[in-house]
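Structure below; questions to follow.
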Amino acid sequence: MAHILAPSSQCQMRLSNKVAAPVNPMAGKMWSSLVMKKRGTTKGASKFRVFAIKAENSTINRLDNLLNLDITPFTDKIIAEYIWIGGSGIDLRSKARTIEKPVEHPSELPKWNYDGSSTGQAPGEDSEVIIYPQAIFKDPFRGGNNILVICDAYTPAGEPIPTNKRYRAAEIFSDPKVIAEVPWYGIEQEYTLLQQNVKWPLGWPVGGYPGPQGPYYCGAGADKSFGRDISDAHYKACLYAGINVSGTNGEVMPGQWEYQVGPSVGIDAADHIWCSRYILERITEQAGVVLSLDPKPIEGDWNGAGCHTNYSTKSMREDGGFEVIKKAILNLSLRHKDHISAYGEGNERRLTGKHETASIDKFSWGVANRGASIRVGRDTEKKGKGYLEDRRPASNMDPYIVTSLLAETTLLWQPTLEAEALAAQKLALKV
């Protein structure tokens, strides 16, 4: 995340839906059929040649043409894909509806509802859940003026349902103290790609293991990089959608990737992460690959998957900001258990003190230390201002919870002087 310096101009801008795309940007040629023809035989094996068939009137080709169809010249109506978080708190659901004309702000879109009994969010006898549009992104799958809409969920009486973590986050980010500090977030989302039928990492022999970690991180080559096309397709789709994505790379464990979103201000960071996850789910769906956000998908001597969260406030970014960062680290140490409990399911399998993680039971911090709970960069120490990196969040964390909790702990929560002094002594921090 060191290359992320400041939010882009799009970070706080609402989407303008006036720009039409001539074709569906994501459909491509992925519906072309494949025919394998036997070429010859050798002892114990057969060789096949693979040909791509594109018949002008084939069913698949006609479907491809319809998927690529741009409706913009023929109607002002658009398709809005409403997206919300399901009952597990990590699964994403969506459905589409027609909107009479392009819109520029979520408030122009109608509320909608869904069957909460089918998502684990309401009983069957009172199943209606209402979704409120909160953020708009361009739709990279349908193109044109069509949009993706991030929503949160409420009861018919207007109360946020238990899985609606955005509501509480919005309250924290609307606090005047938080607004004044303009919190920036840069979030590093790691994920693992799995083979569809066996749920084993992409590129791994089924039931077996590749060579040990080392050559795979940011590697290139058929024996080192598995799933690059998915990563690149996701990168471009996010940029098209208006998500503030800032980079991507292959990770330490083969079949594992990371992308970075940010810096984004306040609640926008979480909206962008959720939309980017939805787009990634759709791309892996098309590719026939399973997306996993499990924080430790493979046990043993393999890296887990995290969602490191880089964080700064206006005071941290100004001269003398390193002292503010150290004070924030004190507060974070005193609420370590609160943060760990909110940082993702299964995180105890990842935060072991090995594989570039700190122990889940002990808070720590350090400069350039990737084995610490909180890492401070060398550049921040040298300049005396900058940001901190919270390395504890798991890959399946809820970004609404993590971003708002960081703001709450460092800007709104006040420890007792005695607790603060004891923590400073324990962490060898002079504040």
Is the Y209 to W200 ring centre distance short of 6.0 Å?
yes
Whether R97 engages the ring of W112 as a cation-pi pair (distance to the six-membered ring centre under 6.0 angstrom, angle to the ring normal within 45°) should be assessed.
yes
Is a side-chain donor-acceptor pair under 3.5 Å present for S373 with H336?
no
So which of K383, K385, K314 actually passes salt bridge (Lys or Arg N to Asp or Glu O under 4.0 Å) with D319?
K385
cation_pi(R93, Y114) dist<6.0 Å, angle<=45
no
Who passes salt bridge (Lys or Arg N to Asp or Glu O under 4.0 Å) against D301, sequence neighbours left out?
none
Chi angles and distances behind the side-chain hydrogen bond (donor to acceptor under 3.5 Å, both in side chains) call for R350, N347
CA-CA 5 Å; R350 168 180 163 264; N347 212 11; 2.9 Å; yes
Go through the steps to decide whether D294 and R349 satisfy the test salt bridge (charged side-chain N to carboxylate O under 4.0 Å, His left out), and finish with yes or no.
CA-CA 10 Å; D294 190 308; R349 294 182 284 113; 3.1 Å; yes
For V324 and F322, what are the C-alpha separation, side-chain angles and deciding distance, and is it a side chain to side chain contact (heavy atoms under 4.5 Å, CB included)?
CA-CA 5 Å; V324 181; F322 194 29; over 6 Å; no
Any side-chain donor near an acceptor of the partner, Y400 and N164, under 3.5 Å
no
State plainly whether the residues D379 and K382 are in salt-bridge range, i.e. N to O under 4.0 Å.
no
So, are D232 and K236 salt-bridged, with charged N and O less than 4.0 Å apart?
no
If you count the non-hydrogen atoms of other residues, nucleotides and ligands that lie under 6.0 Å from OH in Y167, is the total more than 12?
no
